[in-house]
**Student:** 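Please see the structure below; I have some questions.
Values reported hereafter were calculated over all heavy atoms of this structure, with side chains retained and with hydrogens, waters and symmetry mates removed. Chain naming here is simple, since letters A, B, ... match the order of the sequence lines and numbering starts at 1 in each.
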There are 2 protein chains.
Amino acid sequence: MKVLLVEDDPLHAAFLRDAVDQALPEVEQVLTAENGREGEAMARKGVGAVVMDLQMKERNGIDAARTIWSERPETRILFWSNYADEAYLRGLSRIVPPGSPYGYVLKTAPVQRLHLAMRAVLIEGQVLVDREIHRLQQRQSRPALALNESEYAVLLDMALGLPDREIARRRGMSERTVQNRLLSLYDKLAVDLQNAALGVNKRNRAVACALISGALNVEALRIAEREMQDWLTRG
Amino acid sequence: MKVLLVEDDPLHAAFLRDAVDQALPEVEQVLTAENGREGEAMARKGVGAVVMDLQMKERNGIDAARTIWSERPETRILFWSNYADEAYLRGLSRIVPPGSPYGYVLKTAPVQRLHLAMRAVLIEGQVLVDREIHRLQQRQSRPALALNESEYAVLLDMALGLPDREIARRRGMSERTVQNRLLSLYDKLAVDLQNAALGVNKRNRAVACALISGALNVEALRIAEREMQDWLTRG
DNA sequence: GCGGCGCTTGCGGGTTCCCGCAAACGACTC
DNA sequence: GAGTCGTTTGCGGGAACCCGCAAGCGCCGC
C-alpha cells in the first residue's frame, strides 16, 4: 500500500511521516510532495491514500484535491490543516465527490487523533470529520446561515475596520451594495439580541457572532490583515 | 518530594497526575485539590511545588497563588491554563514575587512540553513561560500598551457589540467616559493605519488589532458573551 | 490654602452608519 | 414582449459615533 503526503512545511512533513509509520504499519511506500501541483502529479502514479495540507504556497489543497478526485474519485484524502473557517470549508464541500472517503483533522488535535483518522479514512475508507469542522459544515448546509463568497469578503473587510466606502472601493461595488451585504450578514449571524429592548452596535456584534460561531477565526483575520496591508501599499 | 495539583476538572486532574508520574519519578507524594481554597489549605502542609489551573469555580488560581506566595514565597508554581488573555496576565504579573520560580503552560500544548515545564519549574526552579504568553507579558510591561482593568472591560463590551450607552449603563460610567476609554484603546491598540489617506471604522479596527495582537482572544470573548447574556436577562 | 495634575462629564458639530423606499437593470418564464 | 424575481444603486433622514473644548471634581505636594 502506498501513501502520499502533501505538505509545505518540512517540519510538519516529518511529523506526518512519523505518524504514518506508527499508525499504519501496513504501508509499504510513503511518497511526499511539497505543494499541490507536485501532489497532483504524484497522485497519478496510482496512490490510493493521501494526507494533505490545505494551505500551501504553490497550489492549495482544495485545488489539488479537486484534480485528484476528478481523475480518481476513489482516492482517500485526509485533510490536515490548521484552520477552520468558512472560506476553506466552502471550497471543500463543493469538491468532495458523493461517496468519496475523506477526512478532516486539525493540526492542533492530539497525535492519537491523527493516528485514528489515518486508520479510519485511509485504511477503512470511512468519512471522519473533526467535530468543530462538522459544526461549520452543518451551518453551511443550511442556506439561510451559510455565508457566500462576497458576504464573507465584506465580513472580513468590516472586521478589519474598513468603513463602507473603502470596502466598496476595494471590492468594486457601490456603498449601498456593501450595506446590503452587511444587512444579510446581520441577518445570518443573528446579530439582534433577543432582548429587543436595548440597542446594539451591529458591526461589532456581527464580528463577535462570527467569531463565537466559528464562521470567522483569528487566523483568517491575520491573513486578511496582511492582504489588506498589501492592498493598501499597492493601491 | 511532594507535589500539589489544583484542578477543577477531574479529567484534567487525572491527566496531570499521569504527567507527574511520567515526568517526575522523584515525586513521593501527590496531593490534589479541587479549587483555590482547598489548594491554599493543602499548600500549608509544606508543599514546595504546585501545578495549578487558573480558572476554577470556588476560588481562582490567581488568588490562590497570591495567598500561597504570601505565606511561602519560595513555592514553585506552574500555571496550567487554557487561556492567554490580558485579564489573567494582568493579575498574574502583579502577584509573582520577585525571584519566585514559576511557569505558565497552555493546556493546548503537547504533553512533552508540560513534562518539560514540570521538570524545569518544579525540580530545577527555573522560570518558564509559554512563548505566546510571554509576548503578552512584554506587551504589558510597556505601560503605553498595556490595557488596564477598565479599558479591558470596555474593550470586551464593545467587541460584543454594545453601544456606548449600554456600556455606560453596565459599567456605571457616563457615555463620555466610555468614549474616553475608547480613545485610549484606539491609541494603545494602534488603530490608525499608517496609510493616513483613508478612513477607518475605529471600533471594528480596535477589535481586529486586539485579536491579532493577542490582547483579546476568542475564548475570552465567548466567556464575556455568556456573562453579558446573564446580565441582560437579570438587569 | 492653593496651584497643578489627572480623571470625569456635558456640549456641540462633523462624520459615519443603518435602513426604508423606489428606480434601474439583468435573467429567466410563459 | 410582458411579467416576475433577484440584485444593484441613489436618496434621505434618524441614530450612533468620534472627538475638541471647557468646566467640574478629588488628590497630592508645598
**Student:** Suppose we screen for ring-ring contact (aromatic ring centres under 6.0 Å, His included). Which residues come up paired with B:H134, at least two apart in sequence or across chains?
**Tutor:**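 Checked B:H134 against ring-ring contact (aromatic ring centres under 6.0 Å, His included); zero matches.
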**Student:** Measure CG/A:N201 against P/D:dC18 and give the value in whole Å, please.
**Tutor:** 8 Å
**Student:** What is the separation between atom CD on B:E175 and atom P on D:dC18, rounded to the nearest whole Å?
**Tutor:** 12 Å
**Student:** With sequence neighbours left out, write down each residue that passes side-chain hydrogen bond (donor to acceptor under 3.5 Å, both in side chains) with A:D63, or none if nothing qualifies.
**Tutor:**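 Per chain and number, A:D63 pairs via side-chain hydrogen bond (donor to acceptor under 3.5 Å, both in side chains) with A:R66.
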**Student:** Quick test of your reading: applying side chain to side chain donor-acceptor pair (under 3.5 Å), list the pairs with at least one residue in residues 207-216 of chain A, sequence neighbours left out, ordered by first then second residue.
**Tutor:**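 Every candidate side chain to side chain donor-acceptor pair (under 3.5 Å) pair involving residues 207-216 of chain A fails, so no pair, neighbours aside, qualifies.
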**Student:** Without decimals, in angstroms, what is the distance between B:K202 NZ and D:dC17 C1'?
**Tutor:** 11 Å
**Student:** Return the set of residues passing salt bridge (charged side-chain N to carboxylate O under 4.0 Å, His left out) with B:R171 (not counting sequence neighbours), or none when no residue passes.
**Tutor:** B:D157
**Student:** Distance check needed: D:dT9 C1' versus A:Q179 CD, whole Å only.
**Tutor:** 11 Å
**Student:** Do other residues, nucleotides or ligands put more than 12 heavy atoms under 6.0 Å from the CD atom of A:Q55?
**Tutor:**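 Result for CD/A:Q55: enclosed.
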**Student:** Distance under 4.0 Å to a non-hydrogen atom of chain A counts as contact; along DNA chain C, which nucleotides mark the start and end?
**Tutor:**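 Result: C:dT16 to C:dC21.
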**Student:** Does a donor on one side chain sit under 3.5 Å from an acceptor on the other, for B:R176 and B:N180?
**Tutor:**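 Yes, because at least one side-chain N or O of B:R176 sits under 3.5 Å from a partner of the opposite role on B:N180.
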**Student:** I need the CG-C1' distance between A:L183 and D:dT7, as an integer number of Å.
**Tutor:**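 Roughly 13 Å, once rounded to whole Å.
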**Student:** What are the atom names and distances for every N/O pair under 3.5 Å that joins the protein to nucleotides 13-15 of chain D?
**Tutor:**
none

**Student:** Among all residues two or more places apart in sequence or in another chain, which pass the side-chain contact (heavy atoms from CB on, under 4.5 Å) test with B:T75?
**Tutor:** B:V50, B:I68, B:W69, B:R72, B:I77
**Student:** Roughly how many Å is it from CG in B:N204 to C1' in D:dC17, rounded to a whole number?
**Tutor:** 12 Å
**Student:** If the condition is salt bridge (charged side-chain N to carboxylate O under 4.0 Å, His left out), which residues does B:E40 pass it with, not counting sequence neighbours?
**Tutor:** B:R59
**Student:** Once you round it to whole Å, what is the distance between P of D:dT9 and CE of A:M173?
**Tutor:** 9 Å
**Student:** Taking OP1 and OP2 of D:dT9, is either one under 4.0 Å from a side-chain nitrogen or oxygen of A:T177?
**Tutor:**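 Affirmative; the distance criterion is met.
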**Student:** Using the salt bridge (charged side-chain N to carboxylate O under 4.0 Å, His left out) criterion, which residues pair with B:E74? Sequence neighbours excluded.
**Tutor:** none
**Student:** Using a cut-off of strictly less than 4.0 Å between a heavy atom of the residue and any atom of DNA chain D, enumerate the qualifying residues of residues 150-162 of chain A by number.
**Tutor:**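 Within this stretch, nothing sits under 4.0 Å of the strand.
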**Student:** Got a sec, which residues hit side-chain contact (heavy atoms from CB on, under 4.5 Å) with B:A210, two or more places apart in sequence or on another chain?
**Tutor:**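 B:A210 satisfies side-chain contact (heavy atoms from CB on, under 4.5 Å) with B:L155, B:L189, B:A215, B:L216 only.
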**Student:** In whole angstrom, what separates B:I167's CD1 from D:dC17's P?
**Tutor:** 8 Å
**Student:** Please identify each residue that fulfils side-chain contact (heavy atoms from CB on, under 4.5 Å) with B:R113, with sequence neighbours left out.
**Tutor:**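 Per chain and number, B:R113 pairs via side-chain contact (heavy atoms from CB on, under 4.5 Å) with B:A109, B:P110, B:D130.
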